[in-house]
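Written out below as structure tokens is the structure these notes cover.
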Amino acid sequence: MSISFNTMRVGRTYKLINYGEVFIFETLSITPNDDYLIKIVDTLEQCYLSELYQFGKGKDFMIDEV
């Protein structure tokens, strides 16, 4: 079962699946507008969590703690 955005914590590692793409990321900080600054583990790229699902959430959308 997928977790909610509200239960995510800074410093923890999560796996996001959306439209068949899998991202493993670590949360770095929470912004004032309830978005998360994240670091993708595979590429070490920093971005906002909302950028990973900005084009919609697929039927397979799921976030789990690793």
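Heavy atoms only: backbone and side chains are in, while hydrogens, waters and symmetry mates are out.
- The hydrophobic cluster containing Phe23 also contains Phe61, counting ILVMFWY residues as joined when their side-chain heavy atoms lie under 4.5 angstrom apart, directly or transitively.
- Rounding to the nearest 0.5 Å gives a distance of 8.5 Å between OH of Tyr19 and CG of Asp60.
- Cluster annotation: Met62 is not connected to Ile24 through the hydrophobic network of ILVMFWY side chains, with a link wherever side-chain heavy atoms come within less than 4.5 Å.
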_Assess the residue pair Glu65 and Arg12 against the criterion (side-chain contact (heavy atoms from CB on, under 4.5 Å)); give the C-alpha distance rounded to whole Å, side-chain angles, the decisive distance to 0.1 Å, and a yes or no._
CA-CA 8 Å; Glu65 188 170 358; Arg12 302 248 177 120; 2.9 Å; yes
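- The structure places CD1 of Ile3 at 12.5 Å from NZ of Lys15, a figure rounded to the nearest 0.5 Å.
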Can you give me every donor-acceptor pair (side chain of residues 42-53, partner residue at least two apart or in another chain, under 3.5 Å) with its distance?
from: Thr43; atom 1: OG1; to: Glu45; atom 2: N; distance (Å): 3.3
from: Ser50; atom 1: OG; to: Asp35; atom 2: OD2; distance (Å): 2.7

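- Crowding of Lys57 atom NZ: a count of heavy atoms from other residues, nucleotides or ligands under 6.0 Å exceeding 12.
- Considering every non-hydrogen atom in both Thr7 and Ser4, the closest pair reads OG1-O, 2.8 Å.
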*Please step through side-chain contact (heavy atoms from CB on, under 4.5 Å) for the pair Met8 and Tyr36, ending with a clear verdict.*
CA-CA 9 Å; Met8 293 175 56; Tyr36 291 86; 3.7 Å; yes
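- Among residues two or more places apart in sequence or in another chain, the side-chain contact (heavy atoms from CB on, under 4.5 Å) test is passed with Ser29 by Leu37.
- Atom CG of Asp64 is separated from atom OG1 of Thr13 by 13.0 Å, given to the nearest 0.5 angstrom.
- Linking Ile, Leu, Val, Met, Phe, Trp and Tyr whenever their side-chain heavy atoms come within less than 4.5 Å puts Ile63 and Ile30 in one cluster.
- Hydrophobic clustering, with ILVMFWY side chains joined whenever heavy atoms are under 4.5 angstrom apart, keeps Tyr14 apart from Leu28.
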